[in-house]
Visitor: 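I have a structure here, written as structure tokens, and I will follow up with some questions on it.
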Amino acid sequence: MSSRRSRQQSSSSRISDDQIIELVSKLRQLVPEIRHRRSDKVSASKVLQETCNYIRNLHREVDDLSERLSQLLVTIDADSPEANIIRSLINQ
């Protein structure tokens, strides 16, 4: 009985093919490298690969901006309004 229940639960939590197609389509619209291509024919695996690359690049940009803000914070008066803004940005 428990194996039957686990099979039912796992099948009900699976994503349908239509849902996968819809999610890949949404990713295709969000990732600039794919969105700006002239061809609409991009495989799902390529969309996922480009999405991962895009997220990695975004993480690098965030890290770079945080580092630049930290360096800027060192160069200004610690009690200034600008310093408070920078601290709030870094802590987000």
Visitor: Check whether more than 12 heavy atoms from other residues, nucleotides or ligands sit under 6.0 Å from atom NE2 of H36, and answer yes or no.
Guide: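 Counting neighbours around NE2 of H36, more than 12 heavy atoms of other residues, nucleotides or ligands fall under 6.0 Å, so yes.
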Visitor: Nearest 0.5 Å please: distance from the CG atom of L23 over to the CZ atom of R28.
Guide: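 Here the interatomic distance stands at 12.0 Å.
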Visitor: Under 4.5 Å between any side-chain heavy atoms of C52 and L48, yes or no?
Guide: no
Visitor: Could you check whether atom CZ of R87 has more than 12 heavy atoms from other residues, nucleotides or ligands sitting under 6.0 Å from it?
Guide: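 Enclosed.
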Visitor: Could you report the tightest heavy-atom contact between D77 and A83, atom names first, then the distance?
Guide: O-CB, 3.3 Å
Visitor: Quick one: pull up CD1 in I15 and CD1 in I21 and give me the separation to the nearest 0.5 Å.
Guide: 12.5 Å
Visitor: What verdict does the side chain to side chain contact (heavy atoms under 4.5 Å, CB included) test give for L89 and L65, after you've listed the backbone C-alpha separation in whole Å, the side-chain angles of each residue and the deciding distance to 0.1 Å?
Guide: CA-CA 10 Å; L89 289 170; L65 289 172; over 6 Å; no
Visitor: Do V42 and I20 belong together in a cluster built from hydrophobic side chains that touch within less than 4.5 Å?
Guide: yes
Visitor: According to a hydrophobic-cluster definition based on side-chain heavy atoms being under 4.5 Å apart (Ile, Leu, Val, Met, Phe, Trp, Tyr only), do L69 and V74 belong together?
Guide: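 No, it is not one cluster - the side chains of L69 and V74 are not joined through contacts under 4.5 Å.
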Visitor: Measuring from atom OG1 of T75 to atom CG of L73, what distance do you get when rounded to the nearest 0.5 angstrom?
Guide: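 So the OG1 of T75 and the CG of L73 are separated by 8.0 Å.
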Visitor: With a 4.0 Å cut-off, would you call R37 and E50 a salt bridge?
Guide: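 Counted as a salt bridge, because a side-chain N and a carboxylate O are separated by less than 4.0 Å.
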Visitor: Which heavy atom of V47 sits nearest a heavy atom of L27, and at what distance?
Guide: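 Between these two residues, the closest heavy atoms are CG1-CB, 3.8 Å.
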Visitor: Any side-chain heavy atom of V31 sitting closer than 4.5 Å to one from I34?
Guide: yes
Visitor: What pair of heavy atoms forms the shortest contact from N57 to R60, and how long is it?
Guide: OD1-NH1, 2.5 Å
Visitor: Do any N or O atoms from the side chain of Q19 and from the backbone of S16 form a donor-acceptor pair under 3.5 angstrom?
Guide: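 Yes, Q19 side chain to S16 backbone: donor-acceptor pair under 3.5 Å.
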Visitor: How far does OG of S66 sit from CD1 of I86, to the nearest 0.5 angstrom?
Guide: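 Separation between the atoms: 11.5 Å.
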Visitor: With a 4.5 Å cut-off on side-chain heavy atoms, are T51 and L30 touching?
Guide: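 No. Closest side-chain heavy atoms not under 4.5 Å.
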Visitor: Quick check on D17: does its CG atom have over 12 non-hydrogen neighbours (other residues, nucleotides or ligands) under 6.0 Å away?
Guide: no
